[in-house]
Novice: 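Let me begin by handing over the structure; questions about it come next.
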Amino acid sequence: MDVSFLGGPGPQRGVGVVAPFDFALDRELWRWVPDEVSLHLTRTPYVPVEVSLDLARMVSEHETLGDAVRALTAVAPEVVAYACTSGSFVSGVVGERAMCEAMSRAGAVPALTTSGALLEALVELDVRRVALVTPYTVSVTRVLESYVARAGVTVTGCAYMGLTRHIWKVTYREVVDMARRAAVRGRLGAADALFLSCTNLPTYDVTPQLEAELRIPVISANQVTMWAALRRLGTRAVGPYQALIDESARSGTVLPGQASGSVLPEVADVSEEKQQEGWT
């Protein structure tokens, strides 16, 4: 069969992605990406450490990131993203900026991180108060709270899972339960948005469902990473009914608890929840 009329594949734009060695959600990243863009992923070297502040520091060392970015330069990405939330907030706002500078020097391309993209998204959505959901231990969660607070955003509530491994195995039901707990109006008022932390936490399908129920923007680690990277290419992330990437989904918000007709399973009784889970 003569296929010469096809003229070969169309031009490709590339986004380089540096992920921790235990990242397992490559397919989820791709779901936010338009057809004309390709993702080129590489991983940091394996270290025998569970998810913790120590691991976050190890997978975000400048030398490690520089080596990963240099490996990606062979396929000439237009931007490089470090897809790890804890690894990019563990050293604070100043540390996150230094990571971006180190990656840019190594690859001679614009660079961003998940935590930097989070702050960028909060500005885009004009968020002053945010609720947090994390799969982390309390110590890692506290550092995320501090990172957000140092950026001038109030944390109204935070639910965490206390996990140190296999975060990608968390179910959507568990994510929903934690989101509802975090978004409850507290002494600091109602949240303007909800953030689902960790690039290894599955969130793609649950994001629009939670937005429909909670009536506030719901953003996630992988979502903000892809949104920010594609923004630097002058293009847009794709996805159904998500306030961050679809301006039509930003109207008509109400306080959590005022939405009628819940579209998601009810939260399990607290006594039935996993013992390591918590709320702050």
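Note that the numbering runs from 1 along the sequence shown for the chain. Nothing here was measured: the structure is a model prediction, and the numbers come from that model. Only this structure's heavy atoms are used, side chains among them; waters, hydrogens and symmetry mates stay out.
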Novice: With side-chain contact (heavy atoms from CB on, under 4.5 Å) as the test, would you mind laying out the steps for M161 and V170 before giving the verdict?
Specialist: CA-CA 10 Å; M161 299 180 186; V170 172; 4.0 Å; yes
Novice: Run the side-chain hydrogen bond (donor to acceptor under 3.5 Å, both in side chains) check on D246 and S248 step by step: do they pass?
Specialist: CA-CA 5 Å; D246 181 0; S248 67; 2.6 Å; yes
Novice: As a quick check of understanding, evaluate side-chain contact (heavy atoms from CB on, under 4.5 Å) for Q223 and L118, giving each step before the final call.
Specialist: CA-CA 9 Å; Q223 180 205 47; L118 164 62; over 6 Å; no
Novice: Looking only at side chains, do Q242 and W32 share a donor and an acceptor under 3.5 Å apart?
Specialist: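 A pair is found: one side chain offers a donor N or O, the other an acceptor, under 3.5 Å apart.
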Novice: Between R31 and E28, does at least one N-O distance fall below 4.0 Å, as a salt bridge requires?
Specialist: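 Salt bridge absent between R31 and E28.
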Novice: CG of L132 to OG1 of T156: how many Å apart, nearest 0.5 Å?
Specialist: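 If I round to the nearest 0.5 Å, the distance is 7.5 Å.
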Novice: Would R231 and E120 pass as an ion pair if we require N to O under 4.0 Å?
Specialist: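 Here R231 pairs with E120 in a salt bridge, since their nearest N and O are under 4.0 Å apart.
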Novice: Group every Ile, Leu, Val, Met, Phe, Trp and Tyr by side-chain heavy-atom contacts under 4.5 Å, then state whether V18 and V75 land in the same group.
Specialist: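 No, it is not one cluster - the side chains of V18 and V75 are not joined through contacts under 4.5 Å.
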Novice: Output yes when R43 and D26 qualify as a salt bridge under the 4.0 Å nitrogen-oxygen rule, no when they do not.
Specialist: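 A salt bridge links R43 with D26.
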Novice: Give a yes or no on whether a salt bridge exists between E78 and R13, defined as a side-chain N under 4.0 angstrom from a carboxylate O.
Specialist: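 Salt bridge: yes.
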Novice: When the ring planes of F89 and Y147 are compared, do they come out parallel, tilted or perpendicular, using 30° and 60° as the limits?
Specialist: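 Aromatic pair F89/Y147 classed tilted.
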Novice: With side-chain contact (heavy atoms from CB on, under 4.5 Å) as the test, pick out the partner of N222 among L25, T114, N200.
Specialist: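 It is L25, the one option of L25, T114, N200 that forms the side-chain contact (heavy atoms from CB on, under 4.5 Å) with N222.
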Novice: Is the distance between the ring centroids of Y46 and F21 under 6.0 Å?
Specialist: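 Between Y46 and F21, the centre distance is under 6.0 Å.
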Novice: Are T235 and P34 side-chain neighbours, meaning at least one heavy-atom pair lies under 4.5 Å?
Specialist: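 A side-chain contact under 4.5 Å exists here.
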Novice: Please assess Y172 against D205 for the test side-chain hydrogen bond (donor to acceptor under 3.5 Å, both in side chains), listing each intermediate value before the final yes or no.
Specialist: CA-CA 8 Å; Y172 280 154; D205 294 303; 3.0 Å; yes
Novice: How many angstroms lie between OG in S220 and CZ in F195, if you round to the nearest 0.5 Å?
Specialist: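 Those atoms lie 7.0 Å apart.
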Novice: Hey, which of T64, D22, D67 is the one that makes side-chain contact (heavy atoms from CB on, under 4.5 Å) with T44?
Specialist: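 Checked T64, D22, D67 against T44; only one passes side-chain contact (heavy atoms from CB on, under 4.5 Å): T64.
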Novice: Counting C-beta onward and ignoring hydrogens, is there a side-chain heavy-atom pair between V130 and V127 closer than 4.5 Å?
Specialist: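 The answer is yes; the side chains approach within 4.5 Å.
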Novice: Could you state the interatomic distance from CG (L196) to OH (Y204), rounded to the nearest 0.5 Å?
Specialist: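 So the gap between those two atoms works out to 14.5 Å.
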Novice: What pairs of donor and acceptor atoms, side-chain ones from residues 90-103 against any protein atom, are under 3.5 angstrom apart with sequence neighbours left out?
Specialist:
| unit_1 | atom_1 | unit_2 | atom_2 | d |
| --- | --- | --- | --- | --- |
| E96 | OE2 | T113 | OG1 | 2.6 |

Novice: For D177, is there an ion pair with R181 - N to carboxylate O distance below 4.0 angstrom?
Specialist: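 No, R181 and D177 are not salt-bridged.
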Novice: Does D192 pair with R128 as a salt bridge, N-O distance under 4.0 Å?
Specialist: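 Salt bridge absent between D192 and R128.
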Novice: Any side-chain donor paired with an acceptor under 3.5 Å for T141 and T134?
Specialist: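 T141 vs T134: donor-acceptor pair found between side chains.
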Novice: Examine distances only and state if a side-chain atom of T171 and a backbone atom of E174 form a donor-acceptor pair shorter than 3.5 Å.
Specialist: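 The answer is yes, because a donor-acceptor pair under 3.5 Å joins these two groups.
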Novice: Taking the side chain as everything from C-beta on, heavy atoms only, tell me whether V49 gets closer than 4.5 Å to M58.
Specialist: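 Yes, their side chains come closer than 4.5 Å.
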Novice: Report the distance from atom CD1 of I219 to atom OG1 of T207, rounding to the nearest 0.5 Å.
Specialist: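 If we round to the nearest 0.5 Å, I219:CD1 and T207:OG1 are 10.0 Å apart.
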Novice: Has the side chain of S139 got a donor or acceptor atom that lies under 3.5 Å from a matching backbone atom of T137?
Specialist: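 A pair under 3.5 Å: no.
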Novice: To the nearest 0.5 angstrom, please state how far the CG atom of L214 sits from the CD atom of Q209.
Specialist: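 Interatomic distance, L214 CG to Q209 CD, rounded to 0.5 Å: 11.0 Å.
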Novice: Examine the side chains of Q12 and E36 and answer whether a donor and an acceptor come within less than 3.5 Å of each other.
Specialist: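 No, no side-chain donor-acceptor contact under 3.5 Å.
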Novice: Under 3.5 Å, side chain of T154 to main-chain N/O of R129, donor-acceptor pair present?
Specialist: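 Here the side-chain-to-backbone pair does not exist.
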